[in-house]
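The chains referred to below are lettered A, B, ... by the order of the sequence lines, with proteins before strands, and numbering in each begins at 1.
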Number of protein chains: 2
Amino acid sequence: MTSTRMALATAARPREAEILDSIRQTFAEKGFDGASMQDLARAAGMSVGNFYRYFPSKAAMVEAIVTRDLAEVEEKFTGIAAAADPLAALRCGLHQHIEEECSGCDDGPLWAEITAAALRKPEIGAVVQKMESEIRGYLLSAFAMIAGMPRDEAERRFAAHSAMVVMLVKAAAIQAQAGGQVSAGRIELNGLVKRMIDAVLAEVAAAQSKD
Amino acid sequence: MTSTRMALATAARPREAEILDSIRQTFAEKGFDGASMQDLARAAGMSVGNFYRYFPSKAAMVEAIVTRDLAEVEEKFTGIAAAADPLAALRCGLHQHIEEECSGCDDGPLWAEITAAALRKPEIGAVVQKMESEIRGYLLSAFAMIAGMPRDEAERRFAAHSAMVVMLVKAAAIQAQAGGQVSAGRIELNGLVKRMIDAVLAEVAAAQSKD
DNA sequence: ATGTGATGAATGAACATTCACTCGCCCCAA
DNA sequence: TTGGGGCGAGTGAATGTTCATTCATCACAT
């Protein structure tokens, strides 16, 4: 997804999206509280005063980031829902996401910041909350398709499974950016994360035959 | 572990430990960058000037926090190593830790902050890195006992497993503090986390019979 | 007296937020 | 075609606040 963003960076596209990219990077580099308004404005290539016209507060920035990412996620899930084999498509999509986070796309620091900020600032907590619950919603819809059960039954039986997938993906993204282990260790861990995700999906798929 | 800290809070114990507790809370409440030196000093019940005598920088505070927590972890692992059934002891210890993080002990925000800060500030990254690699080391030693293999073989085969356990425990602690889901949902997720940990441990234990 | 642990006011830098202002552009009357 | 006038993006200096860090000073036990 980052590649898409990068590819279009030079082309004509709404100003706000470009600004959003610079905000992402600045938050990732300096932290949520560490990034000053002047840092953010300068990174966006504009004056401080004008910057306030776009984002009156940091919470508004997080909201914009979340909204855009959520749209990308939704797109992916509509693709999965339309696939001939939703289970395979979901599995593949998740594996790919884990791969991407490991190399190239460095969203880990950004989400570490946002996660931490969400636990302190209620406005941000609410925004992040909403995002995660929407993603869990997409997952549950996919689970319902996979297990061949009504949506509300999937909700009852697989709420924890959806939460686990979200948690694993986020944790893996954050962990992938921790510089410590050699690359071999990271790859091994990523493989294990993928197997864990497979195990969660297997439990969902197993409900199909039982019912 | 928090309970231990709390119980001794009023009794006579080294000053630095008390200060450390107040620092933990302040970081958790205001964030790593959000907490000013004056905030930290006031929370510790002392003047700003004197505070610098104890901790000349925020990195030093993180180092002290990490060092103390690491000592607690080491204690737990020596207990596990001495147990009649190390697998059961490790499993039980991990489950208990997941339980604790869910209710009562709110270390989630603190570790979210430290994790985020570690990705930005190299000094903190190094400290956190060292802590996690030591914990992975304890886990690997336990794995070696459980699987009945030399320590270096465990290191080769289960590096990812140890990293996964650390990741799961941390992610669960952070997730447990996110206010969104009702308590029922949290408990379900905790149960699934425990099962995931069990699955990882089962893989380690399974190596025993094969070899 | 003297050393030790503690204080909190002082300093200058950095911060969030506002505001008076410029400039380029487009629409429309003449 | 032209020119004036309004509109909105963009500026950066000004204001009052908070920050990290230092240091002259204090209380007091020895």
Inset, instruction - Let me see the working for A/K30 and B/D33 under salt bridge (charged side-chain N to carboxylate O under 4.0 Å, His left out), right down to the final yes or no. - result: CA-CA 9 Å; A/K30 308 208 176 191; B/D33 286 297; over 6 Å; no
Legend entry - Pairwise salt bridge (Lys or Arg N to Asp or Glu O under 4.0 Å) hits with a residue in residues 45-59 of chain B, at least two apart: none
Legend entry - Interface with DNA chain D, restricted to residues 112-120 of chain B and to heavy atoms under 4.0 Å: none
Inset, instruction - Write down the atom of A/P56, the atom of A/M37, and the distance for their closest heavy-atom approach. - result: O-CE, 4.4 Å
Inset, instruction - Measure up the A/F27 and A/F32 rings against each other and bin them: parallel (under 30°), tilted (30 to 60°), perpendicular (over 60°). - result: tilted
Legend entry - Residues that A/E99 engages under side-chain hydrogen bond (donor to acceptor under 3.5 Å, both in side chains), provided they are two or more places apart: A/K194
Legend entry - From SG (A/C105) to CG (A/L110), nearest 0.5 Å: 9.5 Å
Legend entry - Minimum-distance pair of heavy atoms, taken over all atoms of A/A43 and A/T26: CB-OG1, 3.2 Å
Inset, instruction - Looking only at non-hydrogen atoms, find the nearest pair between A/H161 and A/V204 and report the distance. - result: CD2-CG2, 4.3 Å
Inset, instruction - Taking only Lys NZ, Arg NE, NH1 and NH2, and the carboxylate oxygens of Asp or Glu, determine whether B/R151 and B/E155 approach each other closer than 4.0 Å. - result: yes
Legend entry - Nucleotide range of DNA chain C lying under 4.0 Å from chain B heavy atoms: C/dG5 to C/dG8
Inset, instruction - Quick one: label A/F51 by what it contacts on the DNA or RNA (base, sugar-phosphate, nothing), any heavy atom closer than 4.0 Å. - result: nothing
Inset, instruction - Find out whether A/L168 and A/M164 are in side-chain contact, i.e. whether some heavy atom of one side chain is under 4.5 Å from a heavy atom of the other. - result: yes
Inset, instruction - Could you tell me how the ring of A/F51 sits relative to the ring of A/F55: parallel (under 30°), tilted (30 to 60°) or perpendicular (over 60°)? - result: tilted
Inset, instruction - Scan nucleotides 12-30 of chain D nucleotide by nucleotide, 5' to 3', and note B when protein non-hydrogen atoms come under 4.0 Å of the base, S if they reach only the sugar-phosphate, - if neither. - result: B------BBBBB-------
Legend entry - NZ/NE/NH1/NH2 to OD/OE distance under 4.0 Å, B/D152 and B/R157: no
Legend entry - Paired and unpaired positions of DNA chain C as dot-bracket, Watson-Crick or G-U wobble under 3.5 Å, | denoting a partner strand: ||||||||||||||||||||||||||||||
